[in-house]
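Below: one structure, written as structure tokens.
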Amino acid sequence: CRHYHLYSYYFCVWIPDPDAVWVSAQLLQDYSHGEKHLLLQLSDGKVSLEIMSSPTGLPPLGNPDILEGENDLTALSFLHEPAVLHNLRVRFLGYSSIYTYCGIVLVAINPYEQLPIYGEEVIDAYSGQDMADMEPHIFSVAEEAYRTMTREEKNQSIIISGESGSGKTVSAKFTMRYFAVVGGATQQTSVEERVLASNPIMESIGNAKTTRNDNSSRFGKYIEIGFGRKGDIIGANMRTYLLEKSRVVFQASAERNYHIFYQLCASRELPEMRSLRLGENAPEHFRYTKQGGEMQIPGTDDLSDLERTRNAFTVLSRPDQQMELFRILSAVLHLGNVNIQASGRNSDRSYIDPGDRSLAVFSKLLGVEGPQMAHWLCHRRLAVGGEMLVKPMSGQQAVEARDALAKHIYGQLFTWTVQRLNSALRTQRGQAKSFIGVLDIYGFETFDRNSFEQFCINYANEKLQQQFNRHVFHLEQEEYIREELAWSRIEFSDNQQCISLIEGHLGLFDLLDEECRMPKGSDESWVRKLYDQHLNSEPHPHFQKPRMSNSSFIVLHFADMVQYECNGFLDKNRDTVFEELINVLKASQLVAELFQQQGNVSSVANGSVRTGKRAIREHKLTVGSQFRQSLQLLMDTLNSTTPHYVRCIKPNDLKQPFMFDPRRTVQQLRACGVLETIRISAAGYPSRWTYEEFFSRYRVLLQGPQSEEQAQASIRKALPQLIPDPDQYCFGKTKVFFRAGQVALLEKLRAERLHVAAVIIQSRVRGWMARIRYTRILWAAVTIQRYWRGALARRLALTLRHTKAAIVIQKTYRMVVVRQLFLMIRQATITIQAFTRGTLARRRYRQLVAECAAVLLQARVRGWLARQAYRRVHAAVVFMQCCWRRRAARRELLKLKTEARSVEKYRELNKGMEVKVMQLQLRADQEVGGEFQMDLILEQDSLYKEREDLSARLLDQEKTQEECVHEAVSQASAALRAELDEERRKYQGLLREFTRLEQRYDNLREMSLLTEVQPPIFAYVLFYVVSNYFSVLTSPLSPDTSSCPSPTKPATVTGLLECRKRDEAKLIKNLITGETEPYIRVDSALSLPPGLPASVLFLCVRQADCSGDQTRARSLCSAAVTAMKAALKVTSGFEPAWSTIWLWSNIKRAVHVMSGRLSLTENDLIRALSDLCIQAYQQLLSITEKRLQNIIVPALLESETIPGLSAVKLGTSRKRAGSDPRNVGCDVLTMASVLRELGALHTALSRQALPPTLMEQAFHQLTYLISATALNSLLLRKDICCWSRGMQIRYNVSLLEEWLRSRGLQAGGAVGTLEPLIQAVQLLQAAKKTDADAGALVQTCTTLSSQQIVKILTLYTPHSDLDERVTLNFIRTVQGLLKGRSEGQPPQLLMDVRRVFPVTFPYLPPAVLHAEQLVIPDSLKISFLHRA
């Protein structure tokens, strides 16, 4: 039925295209029934498309925008090929999502790039989650299978198919890895390691490089992973199908042989590999490895791959078996180099040179006789008339016999390896309760030349497709029955006719086996029988003959029409090797085991052995018969399990990352059954909406009361009016079902109703705006008039003022002009007078100056003459005085000479001179002293100034040096602190691993004793004992117990407790293990004072130590440590964390008290107690994390703390087909549940008087778990990424922040761990349109990685019409801005929820201990202790 009314203007349709397969176009006009043309608009303009008169010629319609990028193809309104192709392209290229649901099928597109979506954090995120809530992923399918197995106790199967290079092997490996992690999470065993170790072995011996894939699996395998009652892996088993043995002896161009051969050649230089004689230039040296011309795969290292293979062998087998396997493989390579030469007249004979080196190495490696092998390679034995004859073979026949022997040896080796792997994987712990099978099998293949291998592969895919169609049909019918729909049988295309053509009576396989039994059977005679049987006598609709060939035939498979070339069918079906060669190999001890089970047909790798007796040969099973039997066993197994399907798609043949070739993709979609799923879904009711979701989306189309409580009644009443045809919809119990196209019709009706409502709203708004505009215009006109009249009046007044001002200005101007003229004339007159008077004055002045100069000259001359006369008179007078004085002086001289001769005179003179000298000396000393003192003062001042300068410089240098030293010390301290934290984290990780291994050892040793044993209630007590014991043993004692006497001189010390030797066990039981009667209850233990058990134990140990009995002290300490370890093991499975808290606090107190307080050797004791303290801390967090794990996502992400904010409730979202509905009626988890758990833990820790730093570290770890778990779930759920849900999450996070701050826990970084989640929520709420918005987002989201930001933007889904999707251009803009940030950082999508922060226990000296201070209640039953 065509929806003609949907072909309206601007609707999208799909038209065929030779390159893109389908291209989108928009209708430029409405279509009316009966028109001949559609006017479409493409990207290059308008196109007129002619259609047939029949309505079937209309192009397919496009889906509404609300379904763009839907993660389930069956949820599309229009289910057809272009819609599926477009949705896959959008998700793959636009959103970088390689997984998409198609009903019960997971479509996986190979990205040809390593993606960070397979780590353990992703496994943790998908573990325990509903398949419909999470984004499509291979882990989601694995989790669905695992949950269904544990819930329904029914076996499961995961069928992974696809053509070579599509990623089947990788998907199977990740599936098994998921089971290994989830199934071995509680107690890791070697079974998980062995299951994972089988992958590299099977890849090395069963995978090879082809033109389409560098790691193509050339065989099919089905692995059954067995699980026990608790859901843990206890064993596995592997079955293989149709190994491509022809690749051993022949490789096409650009292909390689199996990886193991090249790995051996790469390791030829290793000492243990030199005995294999692989040569110097291998693999170019061997014929079996050089035919394809590809010796190396880019990006791979064969030597490291061999090391990984050998490590896997070490896990699964003995080391000697490795070398045996390598010797056989090397012998196969040397066998291919055996030179067979033709001889005889017509080259009907052949021979091998006795000195052939390759044959000698082959014989030596396998331990067989070289001459016998050379003889039977060139001869065969025939039975003629009851006699055995030996017939020589031609050179070509001998080469074929050699190649057949090589293929047979490799096939038997492959089978033997699989058997050894199954023996290693077989369970040792009883029968598996259920299993999950993983089928990794080749997809539908069609090449230019198709042979026997493609025929068998396509036959297997026909069988699998039939099983798939019936299973999908069965699920559809189950859904209708569950919803109580009145349904009729859904018709779907069945490929039983094609299967009957292949495997039925006188089918292709029957005729092929019959021809193989004929003595002279050939490919030509076989194909003639096919023509006669299926074309002439009974024409078959799925069989055709090519027009231009008589040696080929065509089979119409479900996926495509394939032409097979019959050449080589008989030889490949027989796959025979001569018995004589097998007998020679059986004589070898090395390979005899490979041929002991010739009759075993469990694997199709075995071929038939040709003997000289025809009767025996006729009963040998052909390869086709073996394959049919093994395939039937596989189908029986699959039919007895619940299947899950994974279809791998190869997006391009160039192996380029994220490159989408639509033609290749459509070809594979048709071949893998995805479109068949679409057809089956389209035949029924593909679109399914819950009543709540339908009410939320299409509320505008409903009539009557608009409330969610009456949603179902409103929908049932309104839907018949919206869709008149009742066959187009159906009401179920919880859902309303629609046929294909009805959702698009509802979207159109909704858009029309919104359009009508918008028009009404627009008319009202426009009328109101017009009235408002008129009022404003009227007011504006009046205002303008008023202002204009005022302007005219002001203009007149201004004119009058200007006239008056002009008159005043003229008057003033004229006055100024006249005044300036007067002043100018006056100034000129004064100037002329001044110049005239000056001239007269200067003239008079010059005359006076001349007269004054003459008078002055006369006066000067007269004065000079007078002075000359005076000088002459004065000189004469002086000369006369000198002569007179000279005469008087001579007279005085004579008188003095007379007196000088007298002694007394000299004495008087001498005495007078001494006095004068003394006076002069005193005066000189005074003068010199004053100058020196001044010099000293000056020098002292200079020195003082210099000292001040030096002091200032010294202070500056000291300050600079102190800053440098402080900075260096800070850097060194930070480095040492970081190194200490890292070492502490490593040590605590090793301790945790040691505890896990110790627990595993105890579990294995006491497996039979631990069935249904309930841990004692008193296990809670142990945590408190060890923690307090750790603290108390380091506390200072009272004055009379602070120092103990020497052990050699025991003395009596008071304030201690004495425990006799016979009471030690009783003391330990009463204080720690709680094994005495009556048991101590947890509540009574919590009521004890903090550290009481540890204090009692310490005082007892201290008394023994001070009394000199170190043996008893050590014994008591060892018994206490052993009891604490045992109690921790018992409480490991105890859900309430109170026992662990109590135990931890006592351990910590014991370590603090012990250090430095005992005379006995204490390093080992302190270390043991410290390890116990860390173990108890980790166990406390582990128990709390388990209790929080299941409530974080529902409480933080799904709960609606703000009522009515979200338009659609998460609990009522649409489920994918085949998934189990979520349990209804369970309690709704909110943030109160999380805060209740954290509050109970905080209260219990506070009651034990633990240091605040320890509590901060514990809640830092727990808040990191909450943030990481919530963020990981947000990154994998499309329904969470919307604006309204972001508001809810932000409010929930704010409640947690407020709770942490109210209890003072923000100092330990607990609030900081919530920052990634907060920024993710801000990203949901921020604007996401312009480049400025992109820059703001990048600056805001600093703690989120680039992958996380892009993932959130990709998943963002608007839940209302007011919001829009994030465009691809905006995402690319954000990626460009984040490019610099992502460089140098490892790709990280999810946070590691298993990250453990190292814990640091602060040292807090406890109070002084004294026995009299302890209040020991009677409930402890330790009255046998004596105070000492």
Side-chain angles (χ1 to χ4, degrees), residues 96-99 111 113-131 133-144 146-147 170-171 173-186 188 192 196 985-986 988-989 992-993 996 1178 1181-1182 1184-1186 1188-1194 1196-1197 1260-1278 1280-1281 1289 1312-1321 1323 1341 1343-1352 1354-1355 1382 1385-1398:
S96 299
S97 298
I98 65 174
Y99 295 109
E113 186 178 284
Q114 295 292 334
L115 300 179
I117 58 174
Y118 300 105
E120 290 188 356
E121 66 277 3
V122 183
I123 295 178
D124 294 334
Y126 276 91
S127 178
Q129 298 298 323
D130 194 344
M131 191 175 185
D133 292 338
M134 309 298 288
E135 275 289 288
H137 200 285
I138 187 66
F139 292 160
S140 183
V141 176
E143 173 63 21
E144 181 78 4
Y146 184 77
R147 290 180 61 191
V170 176
S171 298
K173 286 188 343 186
F174 284 132
T175 302
M176 290 189 290
R177 180 186 175 191
Y178 183 88
F179 292 142
V181 174
V182 177
T186 55
Q188 187 74 17
E192 293 83 5
L196 296 179
R985 185 186 63 80
K986 292 181 180 179
Q988 294 176 7
R992 185 167 56 256
E993 183 68 15
R996 185 186 64 79
Q1178 294 173 350
L1181 293 183
S1182 176
T1184 308
E1185 288 174 357
K1186 287 180 181 179
L1188 287 173
Q1189 192 71 45
N1190 296 328
I1191 65 175
I1192 292 175
V1193 173
L1196 200 60
L1197 302 186
H1260 177 262
Q1261 182 71 51
L1262 294 177
T1263 52
Y1264 173 80
L1265 171 71
I1266 294 173
S1267 176
T1269 303
L1271 181 60
N1272 290 350
S1273 182
L1274 185 145
L1275 292 170
L1276 296 174
R1277 293 184 59 174
K1278 191 175 182 180
I1280 295 293
C1281 296
I1289 298 173
T1313 57
L1314 301 173
E1315 191 62 28
L1317 181 60
I1318 295 174
Q1319 292 187 4
V1321 174
L1323 183 59
C1341 304
T1343 59
L1344 296 178
S1345 65
S1346 303
Q1347 290 78 10
Q1348 291 171 345
I1349 295 175
V1350 174
K1351 183 67 174 179
I1352 294 175
T1354 302
L1355 294 178
S1382 60
Q1385 296 181 356
Q1388 178 187 4
L1389 177 62
L1390 301 184
M1391 297 180 66
D1392 185 10
V1393 296
R1394 300 187 180 184
R1395 179 184 178 185
V1396 178
F1397 296 97

Going by atom types only, do Thr1313 and Thr1263 share a side-chain donor-acceptor pair under 3.5 Å? yes
Excluding sequence neighbours, so at least two apart, what forms salt bridge (charged side-chain N to carboxylate O under 4.0 Å, His left out) with Glu1315? none
Determine whether a donor-acceptor pair (N or O, by modelled atom type, separation under 3.5 Å) exists between the side chain of Ser140 and the backbone of Pro136. no
Measure across Tyr1264 and Asp1392 and return the closest heavy-atom pair with its distance rounded to 0.1 Å. OH-O, 2.8 Å
Are Val1393 and Gln1189 close enough that some pair of their side-chain heavy atoms sits under 4.5 Å apart? no
Between atom CD of Gln1347 and atom OG of Ser96, what is the distance when rounded to the nearest 0.5 Å? 10.5 Å
I would like to know whether Asp124 and Asn1272 meet side-chain contact (heavy atoms from CB on, under 4.5 Å); could you show each step before the answer? CA-CA 9 Å; Asp124 294 334; Asn1272 290 350; over 6 Å; no
Atom pair CG/CD of Leu1274 and Gln1348 - distance to nearest 0.5 Å: 10.0 Å
When rounded to the nearest 0.5 angstrom, what distance separates CG in Leu1271 from CD1 in Ile1280? 12.0 Å
Quick check: does any side chain N or O of Ser1273 sit under 3.5 Å from a backbone N or O of Thr1269, one acting as donor and the other as acceptor? no
Closest non-hydrogen atom pair between Ala1270 and Leu1317, with its separation: CB-CD2, 3.9 Å
pair Ile1192-Leu1265: side-chain heavy atoms closer than 4.5 Å: yes
If every non-hydrogen atom of Thr175 is compared with every non-hydrogen atom of Ala142, which pair is closest and at what distance? CG2-CB, 4.2 Å
In Å and rounded to the nearest 0.5 Å, what is the CD1 to CG distance from Ile1349 to Leu1275? 10.5 Å
Drop me the distance from Ser97's OG to Lys1351's NZ, to the nearest 0.5 angstrom. 4.5 Å
Does a donor on one side chain and an acceptor on the other come within less than 3.5 Å for Tyr178 and Glu143? yes
When you measure from the side chain of Tyr126 to the backbone N and O of Glu135, does any donor-acceptor pair fall under 3.5 Å? yes
Nearest-0.5 Å distance, CD of residue Gln1261 to CD of residue Gln1178: 9.5 Å
So for atom CD, which belongs to Gln114, do other residues, nucleotides or ligands contribute more than 12 heavy atoms lying within a distance under 6.0 Å? no
Shortest non-hydrogen separation from Pro111 to Leu115 and the atoms involved: CG-CD1, 3.8 Å
Please report the closest heavy-atom contact between Ile1352 and Ala1320, naming both atoms and the distance. CD1-CB, 3.7 Å
Closest non-hydrogen contact found for Arg147 with Gly128 is NH1-O, 4.3 Å
I'd like to know if the side chain of His137 and the backbone of Ile117 have a donor-acceptor N/O pair within less than 3.5 Å. yes
Partner of Phe174 under ring pair (Phe, Tyr, Trp, His ring centres under 6.0 Å), chosen from Tyr99, Tyr118, Phe179: Tyr118
If we only count heavy atoms from C-beta on, is the Leu1390 to Leu1276 side-chain gap below 4.5 Å? yes
